[in-house]
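Counting convention: from 1, in listed order, for ligands and their atoms alike.
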Amino acid sequence: MVARFGIDDVRPQVSGRTLPAKAVVGEVVPVSALVWREGHDAIAASLVITDPNGEQYSIHMQQEPYRPDYTHAVFVPDAQGLWRYRVDAWSDVMATWRNAVTKKLEAGQTTEEMANDIAHGIHLFEAAIAQTPAPDREVLERAAAALDNPALPLAERILAGISDEVLEVLNAFPLRELVTHGPICDIYVERRDALVNSWYELFPRSTGGWDDEGNPVHGTWATTAKALDRVAAMGFDTVYFPPIHPIGEINRKGKDNTLVAEEGDVGSPWAIGSRDGGHDAFHPQLGGEKEFCAMLDHAHELGLEVALDLALQAAPDHPWASEHPDFFTILEDGTIAYAENPPKKYQDIYPINFDNNPEKVYEEIYRVVMYWVDLGIRTFRVDNPHTKPVNFWHWLITRVHETHPDVIFLAEAFTRPPVMYGLSKAGFSQSYTHFTWKVSKSDLIDFAEHMVDVADVSRPNLFVNTPDILHASLQYGGPAAFAIRATLAATMSPLWGVYSGFELFEGEAVAEGSEEYNHSEKYELRPRDFQTALDNGQSLEPYITSLNRFRKAQSALQQLRQIRFHHVDNDQILAYSKVDAISGNAVLVVVNLDPWNAQEGTLYLDAPAVGLEYGAQFAVHDLVTDAYYDWGSENYVRLAPEVNVAHILKLPDVAPQKREALAFRQISDHDYRP
Ligand SMILES: O=P(O)(O)O[C@H]1O[C@H](CO)[C@@H](O[C@H]2O[C@H](CO)[C@@H](O)[C@H](O)[C@H]2O)[C@H](O)[C@H]1O
């Protein structure tokens, strides 16, 4: 249906409004729309918000000065749950009148010539007064009285009706005619940790240290608890454990992914299930529920959240294989096919067939998830979600959120963008990304700008490494490469992650051209001596701790919806700023992407992008070195990797009146989606 006024390209909206957009509590959510009408009369728009309790309020939307069809507003949800919003367009009769009388006055028209305008204005004020509560009403009453006073000079009468004071009241209590409702859009608001969080991955079984002969000892929940102290001290928020369940013995993998395990090989923890139990059981050497809960209590005391792995597959000796053969695909020869993620082969696991007996499979997985939720787990890292049906994930996440809306699901979806974003749309709170493979300046810029573009749909968790991904830049870049990647991940996105060993600069691949670690922890115990490395000054721990501290102190680094790149005349130096539209906090990050050589250049600051005037002179504070510099629009920068790979500069806070505009991403005419 064609309505009275045009309301197009309303954002955010996801999949034709069939799914909610994403936000978290306290996040600045920009809403925009194209709002238009015929002729020259004024049109205005309101953002009508409904919170999860059904309370409604409305925000006046701003028109872009030179493109009046483009309107925007921001709002900040303050509670978890499903929010709704709508853009309403309406005839702004007061603005139409203001525009007419201003022009006529400027053209020198007389009181007689403007008699109809004055009479019309008085009627409009009467209508506005009738709907405006005291004390604001009195502002309008005074203006109406002046307008209606023939003893006053014409200019004085008109100016009383168009004063800033009157405008302010009319913005708060607009006089709307021909109100046209836009479509209703949903926004699902999660807790803040879904957006702002730093993750650390460790294998609990590797926390046992060594015996007297120097052989690794299998970790327990008690040794894991001890390991958490260091993780918390580095400022991480979430510690993620690969699967903690019994590991299959049939087809168990040996060291470095060999297909035959030797005596004593511990196997891959993703090969879940054995005679000791399946997805709701503990690996017997780690300890049972009581010990696990003690570890969990300790984590919570440290302010750490524990994330578990949800890997929906089964070792051939998983209880499901005998109790629920209908969970799997039986081949013509009666065997079950092992799993693959081409070209990788997972000979030690069976993939689940979600279509054989969906009701039973779905319920069993829900039961497993709720077992862990009931023990106090609120975050799951989901293994390979892109190899399972998306409608299953939507069902599972929605069902879990019905009783536990605070549960966060991170999708390990290293896959094609439509699949990655499809999973996010279906309900995943966060997603792994292709960040590990983005190393050049241009790739990083494209990647980061794209993150902002899809912020309504997907929250990227930038892991610098994983047990599967040791990128070549870390294999050949030396310690500075680790510092560079950590800086980028920790400052580009409010979510970042580190897999253990990164701080020790572990960078040896199993083979030339491979991204697999040598002596991969996926197949053997890997205790680490973090303290000696730290004592010898051979650890990235202090820098990682600083990065996490900066992230907590600088709210600009806690938002995903805004990033601006600044030109540097050197392809090895990347500069970007981030601004928090609520506090005005602004940070500029300058990174040397070359781990081996000092790089220098001139940085041309896009001053308005950080709320400054062109040509402004100001002081910046380098959080990394604690140095202060005087900066302007052109700045010499030099970064030597053996000293520092980056400046993380605190800029002057953005003035309150400029903040909202910076939060709002300008839609270009090219970007217009009819
Ligand atoms: O397939 P991805 O690259 O996304 O990797 C994830 O899932 C894998 C399968 O669960 C997992 O692979 C590891 O466990 C397998 C099962 O035990 C084993 O066969 C593989 O050799 C081992 O790498 C991978 O670690 C996980 O991140």
Side-chain angles (χ1 to χ4, degrees), residues 199 201-206 240-261 265-274 278-279 283 307-318 320-321 328 336-352 354 365 368 380-388 393 409-417 419-420 423 428 430-437 461 463-471 497-502 509-511 514-526:
W199 286 53
E201 173 175 359
L202 68 81
F203 286 60
R205 69 184 186 182
S206 286
Y240 148 56
F241 302 149
I244 57 170
H245 315 296
I247 295 173
E249 287 168 29
I250 303 176
N251 293 349
R252 174 176 285 196
K253 286 192 169 176
K255 293 193 177 72
D256 282 325
N257 203 14
T258 47
L259 292 185
V260 183
D265 277 345
V266 287
S268 156
W270 283 274
I272 298 171
S274 75
H279 284 70
H283 190 286
L308 293 189
D309 203 306
L310 185 60
L312 298 179
Q313 59 219 15
D317 36 344
H318 190 295
W320 284 343
F328 307 97
I336 303 178
Y338 60 75
E340 290 183 72
N341 182 12
K344 298 181 199 170
K345 292 182 180 174
Y346 310 131
Q347 297 89 338
D348 51 348
I349 49 173
Y350 293 157
I352 292 174
F354 285 77
I365 294 168
V368 164
F380 295 90
R381 175 269 196 195
V382 178
D383 191 64
N384 271 333
H386 50 290
T387 58
K388 284 102 196 162
W393 292 120
F409 291 89
L410 161 64
E412 190 234 13
F414 293 112
T415 181
R416 308 179 311 280
V419 183
M420 243 167 99
L423 288 163
F428 279 93
Q430 309 174 1
S431 178
Y432 282 66
T433 71
H434 296 105
F435 167 73
T436 22
W437 297 284
N461 194 331
F463 268 76
V464 284
N465 63 333
T466 76
D468 298 312
I469 311 169
L470 170 64
H471 187 263
V498 169
Y499 155 55
S500 193
F502 183 86
V510 69
S514 169
E515 289 189 342
E516 289 283 343
Y517 281 88
N518 197 17
H519 302 302
S520 170
E521 195 172 3
K522 291 191 290 187
Y523 315 102
E524 58 191 278
L525 306 181
R526 283 289 302 268

Quiz item: Does anything in residues 240-253 pair up under salt bridge (Lys or Arg N to Asp or Glu O under 4.0 Å), and if so which pairs, sequence neighbours excluded?
Solution: Glu249-Arg275

Quiz item: What residues, two or more places apart in sequence or in another chain, satisfy side-chain hydrogen bond (donor to acceptor under 3.5 Å, both in side chains) together with Tyr517?
Solution: Asn465

Quiz prompt | Every residue of the protein that comes under 4.0 Å of ligand 1, judged on heavy atoms | solution = Lys253, Asn257, Ser268, Trp270, Ala271, Gln313, Asn341, Lys344, Tyr346, Asp348, Ile349, Arg381, Asp383, Asn384, Glu412, Asp468, Lys522, Tyr523

Exercise. Would you check if the side chain of Asp256 reaches a backbone N or O of Ser520 as a donor-acceptor pair within less than 3.5 Å?
Key: yes

Practice problem: Before giving the answer on side chain to side chain donor-acceptor pair (under 3.5 Å), spell out for Tyr240 and Asp309 the whole-Å C-alpha distance, their side-chain angles and the decisive distance to 0.1 Å. | Solution: CA-CA 7 Å; Tyr240 148 56; Asp309 203 306; 2.5 Å; yes

Quiz item: Does His318 have any ring pair (Phe, Tyr, Trp, His ring centres under 6.0 Å) partners at least two apart in sequence or in another chain, and if so, which?
Solution: His279, Trp320

Quiz item: Does a side-chain heavy-atom distance below 4.5 Å link Leu410 with Trp199?
Solution: yes

